[in-house]
Number of protein chains: 2
Amino acid sequence: MFKVSRKSEYALIAVQHLARAQPDRVVSVADLAGQTQVPSDVLAKVLQGLKRAGVVRAVKGAGGGYGLARAPSDIRFLDVVQPFEDTLAVVSCQMPSHDCERSETCSLRDPMAVLNAFVLRQFDGLTMDLFVAPHHWLISGGRSAAPANDTSLARRLRQGEAAALR
Amino acid sequence: MFKVSRKSEYALIAVQHLARAQPDRVVSVADLAGQTQVPSDVLAKVLQGLKRAGVVRAVKGAGGGYGLARAPSDIRFLDVVQPFEDTLAVVSCQMPSHDCERSETCSLRDPMAVLNAFVLRQFDGLTMDLFVAPHHWLISGGRSAAPANDTSLARRLRQGEAAALR
DNA sequence: GAATACCGGACTAAAATGGTCCTATTTGAT
DNA sequence: ATCAAATAGGACCATTTTAGTCCGGTATTC
Ligand code: SF4
Ligand code: SF4
């Protein structure tokens with residue numbers, strides 16, 4: 001459980017890199033692949049997915065490329081990951097197409113629903129500005145403007161949990 | 001991401017049912033399969049895994065079966081799930097066999113490590129007594145003794161997050 | 001010694017994953 | 001006009017993971 005797909009990781013890396021570029025500039029896939037060491041074919045697919053999700057914008061033709069559609073602090077972690085994960089739920093019955101036939105008699109369904117909602121809520125407050133380097137927030141508690149919908153997870157990340165790195 | 005494997009669900013269901021039985025009694029696989037509607041062959045494998053993990057105890061021979069090895073409040077969610085999940089990390093590089101060759105140059109590794117540690121810590125405080133029915137804690141805030149290592153997730157579950165069920 | 005019931009490996013079918021390749025189509029520069 | 005750069009997107013394949021079945025073996029009770 002927990003683990004994100006490879007494409008999701010690539011998506012996170014891509015957004016991370018695009019966030020470092022100038023806001024009005026676009027970067028080509030080949031360029032981005034060179035920086036990130038991600039296979040360019042895969043990266044191309046990932047960026048197409050991110051565009052469909054409205055996370056990045058694309059400029060076609062020569063000199064074109066990709067850029068973020070909005071500020072990193074306005075892009076949620078789940079926005080980036082969603083297009084590449086068929087399941088964002090802890091159990092099948094909590095997905096839009098709840099395809100578990102045992103759903104009615106299952107005594108695990110209700111507690112799992114609570115658990116599911118909690119996990120999703122935690123991640124909901126997690127924005128991509130926490131992932132752009134340098135991770136000043138990770139070593140010293142570099143503070144940025146705290147958003148309104150703060151959660152425990154995001155707060156913890158922002159304060160920098162150095163001890164968590166063992 | 002997030003989703004637990006089918007076997008893990010079966011394991012959770014099994015523990016849930018065993019928790020309702022008398023503490024000194026054991027239940028056979030066939031019996032348990034009848035109650036839970038889980039294929040008995042699969043359930044057998046799952047219970048074997050749980051035994052190896054020390055979560056349940058087994059009594060062989062006629063009249064034998066399975067029972068919990070200790071109190072539900074002393075069994076962590078991750079104890080039940082771990083044997084059936086090859087990955088309990090958000091990213092590959094955070095697993096015991098960190099098998100990502102990109103690990104050195106990856107700018108996503110450090111923030112993911114923090115995220116990973118947080119998620120694991122949240123689930124660490126989640127015990128199986130919160131999953132046994134009836135879910136009084138879910139509808140009315142039925143309070144049991146709060147354990148020492150309480151976490152936000154467990155606390156939220158215990159208080160009952162009815163709103164989370166939409 | 002026979003029935004009960006756990007133990008555990010081998011095996012298979014299906015699905016998800018990760019990646020490659022190929023062909024449009026759009027756009028800017030020569 | 002033409003060509004090259006660069007996104008758009010589908011088809012395809014290899015590998016791994018998942019889910020489940022089957023079967024012989026062992027321990028225990030009656
Ligand atoms: S109904 Fe029960 S078995 Fe089915 S997906 Fe939900 S929790 Fe799992
Ligand atoms: S090193 Fe980077 S790409 Fe590799 S598993 Fe960790 S986060 Fe993912």
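By convention in this document, chain letters (A, B, ...) are assigned in the order of the sequence lines, proteins followed by strands, and residues within each chain are numbered from 1. Computed over heavy atoms, backbone and side chain alike; hydrogens, waters and symmetry mates excluded. The structure presented is a predicted model; accordingly, all values stated were derived computationally and were not measured.
Within 4.0 Å (heavy atoms only), A/R57 reaches no atom of the nucleic acid at all. At a threshold of 4.0 angstrom between heavy atoms, the contacts of A/F84 with the nucleic acid are absent.
Straight-line distance from the CD atom of A/E9 to the C1' atom of C/dG18: 12 Å, rounded to whole Å. The interatomic distance linking A/D86 (CG) with C/dA15 (C1') rounds to 10 Å, in whole Å. At whole-Å resolution of the value, CE in B/M1 and P in C/dT17 are 13 Å apart. The CG atom of B/L43 sits 12 Å away from the P atom of C/dC7 (whole-angstrom rounding).
In this structure, B/F2 and A/F123 have perpendicular ring planes: the angle between them is above 60°, well past the 30° mark.
At distances below 3.5 Å, at least one donor-acceptor pair connects side-chain atoms of B/R70 with backbone N or O atoms of B/D74.
Classification of A/R76 and A/D129 as a salt-bridged pair fails, no side-chain N sitting under 4.0 Å from a carboxylate O.
Extent of DNA chain D lying under 4.0 Å from chain A heavy atoms, first and last nucleotide in 5' to 3' order, is D/dA5 to D/dA11.
Within 6.0 Å of the CD atom in A/E104, the count of heavy atoms belonging to other residues, nucleotides or ligands does not exceed 12.
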(request) At under 4.0 Å between heavy atoms, which parts of nucleotides 20-30 of chain C does protein reach? Answer with one letter per nucleotide, 5' to 3': B base, S sugar-phosphate only, - none. (result) B-----BBS--
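DNA chain C is contacted by both B/G65 and A/E85; B/G65 maps to the nucleotide lying nearer its 5′ end (nearest heavy atom per residue).
Across every non-hydrogen atom of B/Y66 and B/L18, the tightest pair is O-CD2, 3.5 Å. Between B/A19 and B/V132, the closest heavy-atom pair is CB-CG1, 3.5 Å.
Counting only N and O atoms by type, the side chains of B/S5 and B/E85 include a donor and acceptor under 3.5 Å apart.
Residue pairs satisfying the salt bridge (charged side-chain N to carboxylate O under 4.0 Å, His left out) criterion with at least one member in residues 39-57 of chain A, sequence neighbours excluded, are absent.
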